[in-house]
Peer 1: 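Have a look at this one.
Lettering of chains follows the sequences in order, A, B, ..., and the numbering in each one begins at 1. These figures come from a predicted structure and were not determined experimentally.
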Protein chains: 2
Amino acid sequence: MVKRTSFEHDDCPIARSLDAIGDWWSMLIIREALFGVSRFGEFQKRLGLAKNILAVRLRALVDQGILKTAPASDGSAYQEYLLTPKGRGVFPILVALRQWSEEFDEHPEEIASILVDKEKGRPVRKLELYSQDGRLLGAGDTALKPRTAVKQNRRVRA
Amino acid sequence: MVKRTSFEHDDCPIARSLDAIGDWWSMLIIREALFGVSRFGEFQKRLGLAKNILAVRLRALVDQGILKTAPASDGSAYQEYLLTPKGRGVFPILVALRQWSEEFDEHPEEIASILVDKEKGRPVRKLELYSQDGRLLGAGDTALKPRTAVKQNRRVRA
DNA sequence: GCACCTGGTTTAATATTGCAACCACACAAA
DNA sequence: TTTGTGTGGTTGCAATATTAAACCAGGTGC
């Protein structure tokens, strides 16, 4: 493989996100963490993934500042993994993934849960993208602009 | 490896999305397609990925109804790959990924482009999640509810 | 007819994943 | 204090996926 291509230094922010959290397990680990899971064993039980790869993923997420380790909260001498603000910031991505499934999945009847507003218990609205002056935007209403002060001769991609 | 674990029949909609488009290249292919790229060679040139894996990914995306093939538009006898509505529905996911990078990346100065509203040329707002009665929701304001008519004894995950 | 472009497939090397077995430490009971 | 059990890993090995590079077939251009 030579090396799985890394997008760490790509100039596309989508590629950069994918490089950080764009693999199946990382995203699911963060999903569980958002629901309060914090212990190694609990991640392993709920996700059913191999312990070695869980260990690698947790370390990578900690290195990237998405999770942080803390010295236990239930009194035991073990540690727990907690989300940082950066980690909690993944929430909209997970919501977008969920809503895409809900809208386009071939077998929506297999989907077991729906995301609701905690206060009223009613399903949430679809994520919406607005312009600064409040117009609802679709993909076609947007464009990419090079950032100011971008180094020349770097290819602007997306 | 025995087999890379598939989430195709997982009951979590996030896992199901990831199973469909949760790998680096698929997401980036869709990103390019949203910008109008439609030809094999152009995907290959812009993404710089090996042609064999591009072929595999394109086939998978077509099988899943995210892309469809059409018999050329520039007159040549070749075919092109176009997004279906399901494919265009990925847009919010890409926006969410982009915004996460913009907000939390360690080296934001390396990000080359910003997403703007085409009409005014101004940066778009952050994606926002609302309740049905219009309140802005964060991760903590939401909960998961089992779908009605869900088969019993299936574990509700997320 | 001949070169070359497009859109792939094949091959072989290397990386990643996954399972299972092992291990070290904490804690608890006997 | 030995024995047992749960937690949180690490190690080894086999299977699979990714990759670059070489190859190839049909269309197109000249």
Side-chain angles (χ1 to χ4, degrees), chain A residues 1-10 15 18-29 32-33 36-64 67-82, chain B residues 1-10 15 18-29 32-33 36-64 67-82:
Chain A
M1 235 211 245
V2 173
K3 182 72 191 232
R4 158 130 96 241
T5 32
S6 158
F7 301 111
E8 199 182 338
H9 298 297
D10 198 293
L18 291 174
D19 194 67
I21 53 172
D23 79 280
W24 297 278
W25 294 126
S26 298
M27 211 77 97
L28 294 176
I29 288 167
E32 295 299 332
V37 173
S38 66
R39 297 291 287 263
F40 186 97
E42 204 177 352
F43 284 116
Q44 208 248 315
K45 213 167 11 179
R46 295 183 51 123
L47 295 173
L49 83 174
K51 297 199 291 177
N52 54 353
I53 125 136
L54 176 57
V56 170
R57 286 293 180 282
L58 287 175
R59 220 186 337 263
L61 290 171
V62 169
D63 286 350
Q64 288 178 114
L67 295 177
K68 60 171 180 280
T69 52
S73 71
D74 64 346
S76 80
Y78 301 113
Q79 64 179 355
E80 55 186 9
Y81 295 90
L82 299 175
Chain B
M1 233 212 249
V2 172
K3 182 76 194 225
R4 159 135 93 245
T5 33
S6 158
F7 302 112
E8 200 182 338
H9 297 297
D10 198 292
L18 291 175
D19 194 67
I21 52 172
D23 78 278
W24 298 278
W25 293 126
S26 299
M27 210 78 97
L28 294 175
I29 288 167
E32 296 299 331
V37 173
S38 65
R39 298 291 286 264
F40 186 96
E42 205 177 354
F43 283 115
Q44 208 250 317
K45 213 166 12 179
R46 296 183 51 121
L47 295 173
L49 83 174
K51 297 199 292 178
N52 53 355
I53 125 133
L54 176 57
V56 170
R57 286 291 182 283
L58 286 174
R59 219 183 341 261
L61 290 170
V62 169
D63 286 350
Q64 289 178 114
L67 294 175
K68 59 172 182 278
T69 52
S73 70
D74 63 347
S76 79
Y78 301 113
Q79 64 177 356
E80 55 185 10
Y81 295 90
L82 298 175

Peer 1: Going by an N to O cut-off under 4.0 Å, is there a salt bridge joining Arg46(A) and Glu32(A)?
Peer 2: yes
Peer 1: How many Å lie between CG on Leu49(B) and P on dA15(C), as a whole number?
Peer 2: 19 Å
Peer 1: Using 0.5 Å steps for rounding, measure from the CG atom of Asp23(A) to the CH2 atom of Trp24(B).
Peer 2: 5.5 Å
Peer 1: To the nearest Å, how far apart are Trp24(B) CH2 and dA15(C) P?
Peer 2: 15 Å
Peer 1: Atom CD of Gln44(A) and atom P of dA20(C): how far apart are they, to the nearest Å?
Peer 2: 12 Å
Peer 1: Can you check the Leu54(B) CG to dT6(C) C1' distance for me, whole Å?
Peer 2: 12 Å
Peer 1: Atom pairs, N/O to N/O, protein against nucleotides 7-10 of chain C, distance under 3.5 Å?
Peer 2:
{"unit_1": "dG7(C)", "atom_1": "OP1", "unit_2": "Arg39(B)", "atom_2": "NE", "d": "2.7"}
{"unit_1": "dG7(C)", "atom_1": "OP1", "unit_2": "Arg39(B)", "atom_2": "NH2", "d": "2.9"}
{"unit_1": "dG7(C)", "atom_1": "OP2", "unit_2": "Gly41(B)", "atom_2": "N", "d": "3.1"}
{"unit_1": "dG8(C)", "atom_1": "OP2", "unit_2": "Tyr81(B)", "atom_2": "OH", "d": "2.8"}
{"unit_1": "dG8(C)", "atom_1": "N7", "unit_2": "Lys51(B)", "atom_2": "NZ", "d": "2.8"}
{"unit_1": "dG8(C)", "atom_1": "O6", "unit_2": "Lys51(B)", "atom_2": "NZ", "d": "2.4"}
{"unit_1": "dT9(C)", "atom_1": "OP1", "unit_2": "Arg59(B)", "atom_2": "NH1", "d": "3.4"}
{"unit_1": "dT10(C)", "atom_1": "O4", "unit_2": "Asn52(B)", "atom_2": "ND2", "d": "3.3"}

Peer 1: Which whole-number value in Å describes the distance from Phe43(A) CZ to dT7(D) P?
Peer 2: 15 Å
Peer 1: Could you tell me whether the side chain of Trp25(B) reaches within less than 4.5 Å of the side chain of Leu54(B), counting heavy atoms only?
Peer 2: no
Peer 1: Taking only residues two or more places apart in sequence, or in another chain, which ones meet Gln64(A) in a side-chain hydrogen bond (donor to acceptor under 3.5 Å, both in side chains)?
Peer 2: none
Peer 1: Do the non-hydrogen side-chain atoms of Leu82(A) and Leu67(A) ever get within less than 4.5 Å of each other?
Peer 2: no
Peer 1: State, yes or no, whether a side-chain contact exists between Pro71(A) and Gln79(A) at a heavy-atom distance under 4.5 Å.
Peer 2: no
Peer 1: Per the end-axis method with five pairs at each terminus, what is the bend angle of the helix from dG1(C)-dC30(D) to dA30(C)-dT1(D), to 10°?
Peer 2: 10°
Peer 1: Using atom CD1 of Ile53(B) as one end and atom C1' of dT18(D) as the other, report the distance to the nearest whole Å.
Peer 2: 6 Å
Peer 1: How many angstroms lie between CD1 in Ile21(B) and CE in Met27(B), if you round to the nearest 0.5 Å?
Peer 2: 4.5 Å
Peer 1: Nearest-Å distance, CG (Leu28(A)) to C1' (dT17(C))?
Peer 2: 15 Å
Peer 1: In chain order, what residues pass the side-chain contact (heavy atoms from CB on, under 4.5 Å) check against Val56(B), with sequence neighbours excluded?
Peer 2: Arg59(B)
